[in-house]
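Everything numeric in this text was worked out from a predicted model, so none of it was measured.
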Amino acid sequence: ARDSCNRRRARPGVSTPLLIDDHLLLRILLDDEPVELRPGGAQIATTGLWYHRLCRALADQAVVGSMSRRLGNLDSRSAADTIASVIDLPDTIALQSLRTLAWPMAELVHAGARLNLMSLEALAAALRLGAEICLADVDDNEPLRSAAQRFGVSLRSIPG
């Protein structure tokens, strides 16, 4: 029988992949990766909606938020390099597509998950990858935390 959310199992000896939000993605691209994020050098992935939210935050220079503020502290060359790495994500960061997540997201809703679209996509991606969800503490939220627990997905909040 097919696993309802296409969950991949972690292979022995291979560290669990990490699904990171937009705040943590930006920190990695700024060479400011939190030490506690991936002690085992795990594979990093993000979702399309988190990636879009990061792009949107950095595209409009008139909008100042927590992510765009991080670029304001950089010299213009470093900021330009960071934006270039956001536009063309490094190959070391996997980007999950709705092509593979739309059906698992629908199955999660059918199974009782009541989440906003961004959290629903994250949960489906984590299940598909066999990944742990890592959120910047500003993105930690109880609905996603509860749904992750219900569906057997590890979720960690990273300070900073």
Look at the side chain of Arg156 and the backbone N and O of Leu37, then say whether any donor-acceptor pair between them is shorter than 3.5 Å. yes
With rounding to the nearest 0.5 Å, note down the distance linking CD1 in Ile83 to CG in Leu58. 6.0 Å
Arg150 meets the side-chain contact (heavy atoms from CB on, under 4.5 Å) criterion, sequence neighbours left out, with none
Step through the shown structure and confirm whether more than 12 heavy atoms of other residues, nucleotides or ligands are within 6.0 Å of CG on Asp137. yes
Basic-acidic side-chain contact under 4.0 Å: Arg53, Asp139: yes
Taking all heavy atoms of Ala42 and all of Thr16, pick out the closest pair and write down the distance. CB-O, 3.1 Å
So, Arg114 side chain and Val109 main chain: donor-acceptor pair closer than 3.5 Å or not? yes
Audit row: Arg145, Asp140, side chain to side chain contact (heavy atoms under 4.5 Å, CB included) steps and yes/no: CA-CA 8 Å; Arg145 188 171 282 284; Asp140 197 342; 2.6 Å; yes
Applying side chain to side chain contact (heavy atoms under 4.5 Å, CB included) to Leu127 and Leu108, what does each step give before you reach the verdict? CA-CA 10 Å; Leu127 284 165; Leu108 284 168; 3.7 Å; yes
Would you list the atom pairs, donor with acceptor, under 3.5 Å between side chains in residues 117-124 and any protein atom, with sequence neighbours excluded?
residue: Ser119; atom: OG; partner: Asn116; partner atom: OD1; Å: 3.2
residue: Glu121; atom: OE1; partner: Thr47; partner atom: OG1; Å: 3.3
residue: Glu121; atom: OE1; partner: Leu49; partner atom: N; Å: 3.0
residue: Glu121; atom: OE2; partner: Gly48; partner atom: N; Å: 3.2

Identified side chain to side chain contact (heavy atoms under 4.5 Å, CB included) partner of Asp21 from the options Leu54, Leu26, Ile133, Leu135: Leu135
Does atom CD of Glu36 have more than 12 heavy-atom neighbours from other groups under 6.0 Å away? yes
Side-chain (Tyr51) to main-chain (Val86) donor-acceptor, under 3.5 angstrom: yes
Nearest non-hydrogen partners of Ala45 and Gln96, listed with the distance: CB-NE2, 4.4 Å
Could you give the distance from CD1 (Ile93) to CG (Leu25), rounded to the nearest 0.5 Å? 5.0 Å
Could you tell me which non-hydrogen atom of Ala125 sits nearest to which non-hydrogen atom of Leu19, and how far apart they are? CB-CD2, 3.8 Å
Verdict with reasoning, Leu29 to Leu89, per side chain to side chain contact (heavy atoms under 4.5 Å, CB included): CA-CA 9 Å; Leu29 295 175; Leu89 279 177; 4.1 Å; yes
Between CG on residue Asn141 and CG on residue Leu155, distance to nearest 0.5 Å: 8.0 Å
Out of curiosity, Ile158 CD1 to Ile20 CD1, how far, rounded to the nearest 0.5 Å? 10.0 Å
So how far is it from His23 NE2 to Arg27 CZ, rounded to the nearest 0.5 Å? 11.0 Å
Considering non-hydrogen atoms only, spot the tightest contact between Leu24 and Pro34 and give its length. CD2-CG, 4.0 Å
Between atom CE of Met105 and atom CG of Leu98, what is the distance when rounded to the nearest 0.5 Å? 6.0 Å
Nearest heavy-atom pair of Gly130 and Pro17: which atoms, and what distance? O-CD, 3.6 Å
Would you say the side-chain atoms of Thr100 pair up with the backbone N or O of Ser97, donor to acceptor, closer than 3.5 Å? yes
Is there a side chain to side chain contact (heavy atoms under 4.5 Å, CB included) between Arg38 and Cys134? Walk through the geometry before answering. CA-CA 10 Å; Arg38 58 177 169 166; Cys134 293; over 6 Å; no
